[in-house]
Amino acid sequence: MFPMGRASPRSFYGFSQFVLSSGPLGQPLARRHRPSYMEVEVLDQRTERPIYVIDKVHPSSTVLDLKNRFHKARPGWYPSRTGLRVEPNGPFLQDSCVVRTLASSSLVTLYSTDLGQQVGWTTVFLTQYFGPLLIYLMFYLHIWNPYDSSIKKRRPLVVHLACFCHSLHYVKHLLETLFVHRLSDGYTPLRNLLKGCAFYWGFTSWLGYYVNHPLYTPPYFANKQIIPSFFSFLLCEAGNFFINVALAQHSHTANSPPYPRATCNPFTWLFTVVHCPQYTYEIGAWISLAIMTQTVPVAVFATLVSIQKLLRARRRHHRRPKQSSGGGQCQAAVIPFLL
């Protein structure tokens with residue numbers, strides 16, 4: 001047994017006070033740990049001259065955070081008009097991109113570009129779809145009558161059905177834009193809105209003038225051609241609606257596939273053979289309307305829309321991994337077993 005000196009109680013008391021004052025284990029290390037901040041140098045994309053250096057950037061910051069700080073320092077660079085990229089001619093970075101994924105060191109160099117006047121995606125779609133609805137109704141109701149007033153002729157049934165189908169198509173698009181589609185908060189250049197309006201509004205004026213003309217004649221096979229095409233159009237519109245709802249309700253979680261699968265709804269069974277059935281139904285709707293009216297403007301517009309949807313679907317088809325749905329593998333982008 002070792003002898004205990006007089007200093008032992010004091011030493012034990014001092015050691016215990018030191019332990020108690022140090023706090024929980026690991027706390028001093030947590031206090032000493034500080035995140036390593038970064039610096040982001042913003043260069044002009046055309047001249048490659050430095051514009052501003054954003055200091056003390058947290059690694060978990062996003063590109064949108066950089067745009068907001070850049071705007072505070074340089075008020076002329078609005079976040080919606082500013083495009084940032086790693087290389088002068090590279091792709092623009094998404095607003096949700098995290099800064100740490102771009103950095104190989106504590107200094108990040110980004111190139112800034114003024115994208116021009118921007119508009120939101122909701123505004124783009126509402127403008128593109130409301131214009132054709134209003135223009136066609138003006139021709140149908142003769143609010144703006146460019147025809148010869150001396151020509152008076154009873155309008156056939158197909159004219160009324162065509163107006164119903166055309167209005168239904170764009171009313172459905174407007175409601176889906178407001179209540180179904182999950183549009184991003186991003187922006188697009190104003191010129192894209194102008195191009196889209198010129199395309200949809202221009203073709204609507206052409207086919208609206210043609211179908212509602214007093215001298216317009218019904219299709220060659222009359223009701224044998226009109227009625228089946230009309231119901232085909234309604235089925236395609238219904239299929240397009242249910243597919244859009246399925247896409248909007250689908251959540252990309254760890255327990256669910258990255259793309260919707262066919263359900264008990266018969267309109268979703270196209271998921272088993274194509275990747276983008278919403279485009280399949282939309283193409284079918286316009287082809288049905290072209291057959292029902294048997295007019296050149298509707299046929300030309302249906303052809304252009306079909307080409308546009310085919311190209312867009314093929315791009316998505318190549319980017320998205322093919323999913324096994326219902327025991328089979330998707331083999332096409334839009335047209336089953338073909339395209």
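Throughout, numbering of the chain's residues begins at 1 and tracks the sequence.
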Name the atoms and distances for all side-chain donor-acceptor pairs under 3.5 Å in residues 286-295, with sequence neighbours left out.
{"unit_1": "Ser288", "atom_1": "OG", "unit_2": "Ser232", "atom_2": "OG", "d": "2.8"}
{"unit_1": "Ser288", "atom_1": "OG", "unit_2": "Gly284", "atom_2": "O", "d": "2.7"}
{"unit_1": "Thr293", "atom_1": "OG1", "unit_2": "Leu289", "atom_2": "O", "d": "2.9"}
{"unit_1": "Thr293", "atom_1": "OG1", "unit_2": "Thr295", "atom_2": "OG1", "d": "3.2"}
{"unit_1": "Gln294", "atom_1": "OE1", "unit_2": "Tyr220", "atom_2": "N", "d": "3.1"}
{"unit_1": "Gln294", "atom_1": "OE1", "unit_2": "Gln225", "atom_2": "NE2", "d": "3.0"}

With the side chain counted from C-beta on, respond yes when [X] and [Y] share a heavy-atom pair under 4.5 Å apart, and no when they do not.
| X | Y | result |
| --- | --- | --- |
| Leu66 | Leu93 | no |
| Leu64 | Ser96 | no |
| Leu270 | Ile243 | no |
| Asn212 | Tyr147 | yes |
| Tyr37 | His58 | yes |
| Ile335 | Val274 | no |
| Leu137 | Ile143 | no |
| Thr280 | Val334 | yes |

Listed partners of [X] passing side-chain contact (heavy atoms from CB on, under 4.5 Å), at least two apart:
| X | answer |
| --- | --- |
| Thr188 | Val119, Trp121, Val124, Asn192 |
| Val300 | Phe203, Trp206, Val296, Leu304 |
| Thr123 | Thr127 |
| Leu235 | Phe267 |

Minimum-distance pair of heavy atoms, taken over all atoms of [X] and [Y]:
| X | Y | value |
| --- | --- | --- |
| Leu84 | Lys67 | CD1-CG, 4.0 Å |
| Ser60 | Arg100 | CB-NH2, 3.6 Å |
| Glu237 | Ala285 | OE2-CB, 3.3 Å |

Please indicate whether Lys153 has more than 12 foreign heavy atoms, meaning atoms of other residues, nucleotides or ligands, lying under 6.0 Å from its NZ. yes
For Gln94, does the CD atom have more than 12 heavy-atom neighbours from other residues, nucleotides or ligands under 6.0 Å away? no
In chain order, what residues pass the side chain to side chain donor-acceptor pair (under 3.5 Å) check against [X], with sequence neighbours excluded?
| X | answer |
| --- | --- |
| Asp65 | Thr62 |
| Asp114 | Arg81 |
| Thr268 | Thr263 |

Show your reasoning for whether ring-ring contact (aromatic ring centres under 6.0 Å, His included) applies to Tyr170 and Phe130. CA-CA 7 Å; Tyr170 284 103; Phe130 183 76; over 10 Å; no
Tell me if a side-chain donor or acceptor on Asp95 pairs with a main-chain N or O of Val63 at a distance below 3.5 Å. no
Say whether, by atom type as modelled, one donor and one acceptor occur between the side chain of Arg74 and the main chain of Ile51 under 3.5 angstrom. yes
Name all residues meeting the salt bridge (charged side-chain N to carboxylate O under 4.0 Å, His left out) criterion together with Lys309; count only those two or more places apart in sequence or in a different chain, and write none if there are none. Glu282
Using the side chain to side chain donor-acceptor pair (under 3.5 Å) rule, pick out the option among His169, Gln278, Lys172, His173 that qualifies with Asn240. Lys172
Please list every donor-acceptor pair under 3.5 Å in which a side-chain atom of residues 154-166 meets a protein atom from a residue at least two apart or in another chain.
{"unit_1": "Arg155", "atom_1": "NH1", "unit_2": "Tyr140", "atom_2": "O", "d": "2.8"}
{"unit_1": "His160", "atom_1": "ND1", "unit_2": "Tyr140", "atom_2": "OH", "d": "2.6"}

Test of understanding: clusters of I, L, V, M, F, W, Y form through side-chain heavy atoms closer than 4.5 Å, transitively. Do Tyr281 and Trp269 belong to the same one? no
Side-chain atoms of residues 40-47: list all donor-acceptor pairs with protein atoms under 3.5 Å, sequence neighbours left out, distances to 0.1 Å.
{"unit_1": "Asp44", "atom_1": "OD1", "unit_2": "Arg46", "atom_2": "N", "d": "2.9"}
{"unit_1": "Asp44", "atom_1": "OD1", "unit_2": "Thr47", "atom_2": "N", "d": "3.1"}
{"unit_1": "Asp44", "atom_1": "OD1", "unit_2": "Thr47", "atom_2": "OG1", "d": "3.4"}
{"unit_1": "Gln45", "atom_1": "NE2", "unit_2": "Pro88", "atom_2": "O", "d": "3.1"}
{"unit_1": "Thr47", "atom_1": "OG1", "unit_2": "Arg49", "atom_2": "N", "d": "3.4"}

According to the interplanar angle, ranging from 0 to 90°, do the rings of Tyr200 and Phe301 count as parallel (below 30°), tilted (30 to 60°) or perpendicular (above 60°)? perpendicular
Going by ring pair (Phe, Tyr, Trp, His ring centres under 6.0 Å), name the pairs with one or both residues in residues 59-113, residues two or more places apart or in two chains. Phe70-Trp77, His71-Tyr78
